[in-house]
Amino acid sequence: MRTHTCGELRPDHLGQKVTLAGWVRFSRDHGGVLFLDLADAYGTTQVVFDPEAMEDRAAVEGLESLFKTFGRESVISVHGIVRNRVEGTEDARNPTGQVEVFIETAELLNRSRPLPFEVAEQKGSLLPGEDLRLRYRYLDLRRTEMSNNLRFRHRVIAAARRYLDGAGFVEVETPTLTRSTPEGARDFIVPSRITPGSFYALPQSPQLYKQMLMVGGIDRYYQVARCFRDEDSRSDRQPEFTQLDVEMSFVDETDIQGLIERTLASMWKEIYGKELPIPFPRVTFYDAMHHYGTDAPDVRYGLELNDVTDIVERSNYEIFHRVLSKGGRVVCMNVKAEYTHATSADDTMVGRNEVDRLIEWAKGQGMGGLTWMRMIEGELTSNIVKYFPDDVRAGLIERLDAKEGDLLLFLAGSEIAALKAGGELRRKLARDLRLLEGKDHQFVWLVGCPLFQRDPLTGQLETFHHPFVRPDGCLGEGGDDTCMGGRSYDLVLDGSEIGSGSMRCHDPEVQRQVFRLLGMSDEKIESDFGFFLEALSYGAPPHGGIALGVDRLVSIMLGTESIREVIAFPKNKKFQGLMDRSPAPVEESRLAELQLLSLAGDEEE
RNA sequence: GCCCUGGUAGUGUAGCGGCCUAUCAUGAAGCCCUGUCGAGGCUCCGACUCGGGUUCAAAUCCCGACCAGGGCGCCA
């Protein structure tokens, strides 16, 4: 159908008879000579209808009438000779811009209706609304940016596959129709026709299957796995998403972490041609929370938090005392002078007005407000500094390493609230002060997470990650099991969690103890996880693994605002497929055979 | 469930109580033009999300709904 692609022709091809096929992206009719930019996945080539240079008048008339009949984004093929462009009209921006194809014959392969939005990139023409892009995703994907995003994603996944294959990993597919288990996110439910009243769940992840592959002796498993979670979406969360899922037997956490580091390093080498420094730094959960105010720290810039409760409790500042009397904490951040004293009109300056705005912002974060002090002529100054005795001020200066011009910001509240607000403040300032411009990506491992946490409302013990994490010690041997650490590790990239993994409970008794601590009855354990515990009881090897969020990883590598930019056919915020208009009602007869008719009746009115 | 932001021609926007018969660009339709490459020139088409309210007067202010996005909760 074609002899070359639209990105292929060079001066080497001069004089050759070629056939190209593609979409008509632009056309320029000069009232005699007609230029078309013919585009396909590989590039754009200028093809020319030049009637004066043609001898066959019948052919001229045929082409003239043909070119009147279709518009932009119609699909045509042209046959003609590769020739040099007229001297001085070469297009240096286009790899094919030295040459053009002189059209001898052309064929309309398919016409396009007038477009709902412009596919061709144009200066100053902004993207249409996202709902329209999703409604006509196939047109959106024709845009170079989207096309590049999907091709980039492919290279990321291909690089991972290549590395893992070379390291002896076996890609195994696991079921999509699975059993619903009580733990974790809300399941998507699929009714069974053969067993009416019973349901499958779409997998939240292949967790149990990959562990049983380890029991089955696969030893090194991976999968580019589709996962489903019926929880509300975010810019980095979709109801269906893709994980690079890995599991290994006879390993400990350093083996898994090393493998992932090497996989990502080889990916970096292939894609960026750069060395990715490994090993990645480790940050403990405790340090992450106390210095970054989040379990997904972005370590590419400073502004770390410091707990100064022990210092400021010796002050006379009523606001702090009120918080401290309720068991709260005060955290402090030093915004260094180089950030606060930028050129005066610059929008990165943090002057008095900006501090006032930060105070308002802090109130919006659920804080009572925000307290500040500025280091001027060797002294901390502010409207409330009189409540802070000399030794308190000296203590603050020392702990925060305050230098001339530095701005100290204090947040007071319950420990978790103060730290989380501090973490948000860090992120906000990094954005406002443009601290991230030009920074390389930075991976870190988050380690030392607890095994359990308590629901702040119900007091119920919950897992910090999931119930299959191996405890970092022996359960039930005195001490408080609820304070047990877990042998887990999260991979964080630029302040986003992109992976989570752990050593697993391969001993069925340990696994059973974890379930019990979570408040599950023996009957419940047996009914929901009996099959799994049984598998562990037949010689399960010590094993562990990790899963990386492919959508997030690719999105961060490309710097896109949301993961929808790196997914071919994403859902909108309400989980609707705007292109195929899913979800959609089904016929009653189909509900009937699933014994779901009673639900259909609720649709009335 | 809650909070925030936004809904103006096919698309992207301006306007934010009377200068609105609503701006500009792009697009579509048509005409002109032989070297452009986001071609150019001319003509023409086309919109205030919906429902209440305030007002002499509403695209503009208020209330509610709907739609979209961001966030909180949620996401083991």
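Below, chains carry the letters A, B, ... as their sequence lines are ordered, and counting in each starts from 1. Worth saying up front: this structure is predicted, and the values here are computed from it rather than measured.
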For A:Ser488, which contact category applies under a 4.0 Å heavy-atom criterion: base, sugar-phosphate, or nothing?
nothing
Below 4.0 angstrom from OP1 or OP2 of B:G10, is there any side-chain N or O of A:Arg113?
no
Tell me if the side-chain of A:Arg237 makes a donor-acceptor pair with the base of B:C75, cut-off 3.5 Å, by modelled atom types.
yes
Under 4.0 angstrom, heavy atoms only, what part of the nucleic acid is A:Pro467 near: base, sugar-phosphate, or nothing?
base
Sugar-phosphate, base or nothing in reach of A:Asp50, heavy atoms under 4.0 Å
base
Within the pair A:Lys573 and B:C67, is there a side-chain N or O less than 4.0 Å away from OP1 or OP2?
no
With a 4.0 Å cut-off on heavy atoms, is A:Arg135 in touch with a base, just the backbone sugar-phosphate, or nothing at all?
nothing
Name the stems with RNA chain B in them: runs of three or more consecutive Watson-Crick or G-U pairs, distances under 3.5 Å?
B:1-7 with B:66-72, B:10-12 with B:24-26, B:29-32 with B:40-43, B:49-53 with B:61-65
Interatomic distance, A:Glu424 CD vs B:C72 C1' [rounded to whole Å]
10 Å
When we call it a touch if two heavy atoms are under 4.0 Å apart, what does A:Arg427 touch: a base, just sugar-phosphate, or nothing?
nothing
Under 4.0 Å, counting only non-hydrogen atoms across every strand here, what does A:Gln576 touch: a base, just sugar-phosphate, or nothing?
sugar-phosphate
Please classify the nucleic acid contact of A:Gln46 as base, sugar-phosphate, or nothing, using heavy-atom distances under 4.0 Å.
base
Return the value, rounded to whole Å, for the distance between atom CZ of A:Phe70 and atom C1' of B:A29.
17 Å
